[in-house]
Amino acid sequence: MPGVSLVGSGSACLTAQLTNDALSQRVDTSDDWIATRTGIRQRHIATPQDSLASLATEAARNALAMAEVSATEVDLIVLATSTPDDLFGTACQVQQALGATRAVAFDLTAACSGFVFALVTAAQYIRTGVFKNVVVIGADVLSRWTDWDDRTTCVLFGDGAGAVVLRAAERDRLLGFELCSDGSLNHCLNLAYQPESEVLVGDITVQKGTFAPITMNGREVYKFAVSRVPEVIEKALFRANLTNADIDWLVLHQANQRILDAVADRLGVPAERVVSNMARHGNTSAASIPIAIDEAVRAGKIKAGDVMATAGFGAGLTWGSAIVQWA
Ligand code: UT7
């Protein structure tokens, strides 16, 4: 069975920065409250010139350059996003922009768990021998769907895109994984369709409308994250035949520094082994893990052979962990 190797990472560079102080001009909040409760100091916001496709393409292009894989060698593109440019899917726009003419491309939606779910999904195509070179992208522009007058959510989110390149290899570096869903908690975090009825003709009524802005029960999601994330990482480690002591880097979905600290504490991972870019990016949903990986790789922190315990968690509710070794 072919193995899965992670051979490149990339992210998109967004220039517009929204600081906590700037946000305080819009809603009743403060830099002190946001930084103390979440660890966030600023987030990046997509400009009207950016699109989900353009950010995802930039991240993928950078990952392919690091991997030294050309676009025409790519067999599959999986785009994890909850904020597509087109509800029919955005991955094909990315395929076209990259010039990945041989690749099949599709979107995958699992909110803030999207990157981990996409990584594991993509890996199955490699393990079965179907594809050799796969690009996995996590990208979100949550600013489109944020209620900028709701201080309980708008301070948390930012926009971004990150990507990795997976390659078929002799040695399997996806060491273990575990994915979970619990729809009974679906109401805790939503970006829900907001229907408006319109009588079409006679007794036929159709549903039109858009999506309501993000709503979240922050306390419930917080409790869920600090209990379920350590558990799912330990299950994935067990499948990898590893223990907590084997974790070189803890790369969690960047939702809240307090969650990162609590999970690290529970797993006994020292603070210097926890990758965090919360302060600069906020919560970028499906993009947060690949951006964190890319920044840590380019900073020379994550090195060849290092074991990363990644974990995503969020709407669905969904959560999952993948234990991967950097090639
Ligand atoms: O990516 C998906 C996963 N999402 C998450 O993991 C998010 C998980 N949840 C959290 O990170 C935290 O629950 C939050 C950061 C969202 C909130 O922190 P908290 O410590 O749970 O605060 P809270 O909701 O208990 O609110 C505490 C107080 C409230 O005031 P009262 O009722 O105590 O008077 C809020 O009204 O803080 C108030 N508050 C704010 N004050 C200033 C809430 N938001 C703000 C704000 N600025 N932005």
Side-chain angles (χ1 to χ4, degrees), residues 2 4-14 46 49-142 144-145 159-169 174 177 179 191 284-291 293-294 310 312 318 320 322 324:
V4 179
S5 193
L6 257 86
V7 291
S9 66
S11 48
C13 182
L14 280 169
Q49 287 73 44
D50 297 316
S51 64
L52 195 279
S54 70
L55 298 181
T57 302
E58 186 182 334
R61 200 171 275 138
N62 291 335
L64 286 167
M66 186 192 284
E68 297 180 353
V69 170
S70 70
T72 50
E73 290 177 277
V74 177
D75 301 301
L76 169 68
I77 298 167
V78 184
L79 171 59
T81 187
S82 306
T83 52
D85 293 333
D86 185 329
L87 277 184
F88 285 151
T90 300
C92 293
Q93 292 178 44
V94 177
Q95 181 240 23
Q96 200 271 335
L98 284 174
T101 45
R102 286 181 49 251
V104 61
F106 61 85
D107 290 19
L108 181 151
T109 303
C112 301
S113 307
F115 176 76
V116 171
F117 279 41
L119 181 75
V120 170
T121 301
Q124 307 314 309
Y125 289 96
I126 292 179
R127 284 181 168 174
T128 51
V130 176
F131 294 135
K132 283 199 167 59
N133 295 308
V134 181
V135 179
V136 178
I137 309 166
D140 268 309
V141 185
L142 284 183
R144 289 174 175 173
W145 298 106
D159 301 333
V164 295
V165 178
L166 308 183
R167 197 156 209 192
L174 172 59
F177 69 85
L179 306 178
L191 199 178
T284 56
S285 192
S288 83
I289 295 174
I291 292 175
I293 291 174
D294 186 49
T310 68
T318 53
V324 282

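Numbers for residues simply follow the sequence, beginning at 1.
T90 places a side-chain N or O within donor-acceptor distance of the main-chain N or O of D85, the cut-off being under 3.5 Å. Between the side chain of N133 and the backbone N or O of D75, no donor-acceptor pair lies under 3.5 Å. Between the side chain of T57 and the main chain of A53, a donor-acceptor pair closer than 3.5 Å is present. Checking side-chain atoms of R144 against main-chain N and O of A46 turns up no donor-acceptor pair under 3.5 Å.
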Determine, step by step, whether R167 and E68 satisfy the salt bridge (charged side-chain N to carboxylate O under 4.0 Å, His left out) criterion, reporting the C-alpha distance in whole Å, the side-chain angles of both residues, the deciding distance to 0.1 Å, and the verdict. CA-CA 11 Å; R167 197 156 209 192; E68 297 180 353; over 6 Å; no
Between V78 and V135, is a side chain to side chain contact (heavy atoms under 4.5 Å, CB included) present by the stated rule, with each step listed? CA-CA 6 Å; V78 184; V135 179; over 6 Å; no
L119/V324 under side chain to side chain contact (heavy atoms under 4.5 Å, CB included): CA gap, chis, key distance, verdict: CA-CA 10 Å; L119 181 75; V324 282; 4.1 Å; yes
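Between the side chains of D140 and T284, no donor-acceptor pair of N or O atoms lies under 3.5 Å. In the model, S70 has a side-chain atom that pairs as donor or acceptor with a side-chain atom of E73 under 3.5 Å.
Among all heavy-atom pairs drawn from V94 and A56, the shortest one is CG2-CB, 3.9 Å. Closest heavy-atom contact between A169 and S5: CB-CB, 3.7 Å. The nearest pair of heavy atoms linking A122 to V136 is CB-CG2, 3.6 Å. When all heavy atoms of A63 and A163 are compared, the closest pair comes out as CB-O, 3.8 Å. Listed here is the closest heavy atom pair of T318 and S113: OG1-OG, 2.8 Å. Closest heavy-atom contact between A111 and A286: O-CB, 3.7 Å.
Using a 4.5 Å cut-off on side-chain heavy atoms (C-beta onward), T83 and D159 make no contact. Considering only heavy atoms from C-beta on, V74 stays 4.5 Å or farther from F131 through its side chain. Two residues are said to be in side-chain contact when any heavy atoms from C-beta on lie closer than 4.5 Å; V120 and L179 meet this criterion. Counting heavy atoms from C-beta outward, L98 and I77 have side chains that approach closer than 4.5 Å. A 4.5 Å side-chain heavy-atom check between N62 and D294 finds every atom pair outside the cut-off. Residues V134 and V4 have side chains not in contact (no heavy-atom distance under 4.5 Å, counting atoms from C-beta outward). Side-chain atoms of F106 and L79, non-hydrogen and from C-beta on, never get closer than 4.5 Å to each other.
Separating the CD1 atom in I293 from the OG1 atom in T310 is a distance of 6.5 Å, to the nearest 0.5 Å. Distance check, rounded to the nearest 0.5 Å: CG of L142 to CG of L191 gives 7.5 Å. Taking CD1 of I291 as the reference point, atom OG of S9 lies at 11.0 Å (rounded to 0.5 Å). We find the CD1-CG distance between I137 and L108 to be 12.0 Å, quoted to the nearest 0.5 Å.
Sparse packing is recorded around CD of Q96, with 12 or fewer heavy atoms of other residues, nucleotides or ligands lying under 6.0 Å away.
For the ring pair (Phe, Tyr, Trp, His ring centres under 6.0 Å) test, no residue two or more places apart in sequence or in another chain qualifies with F177.
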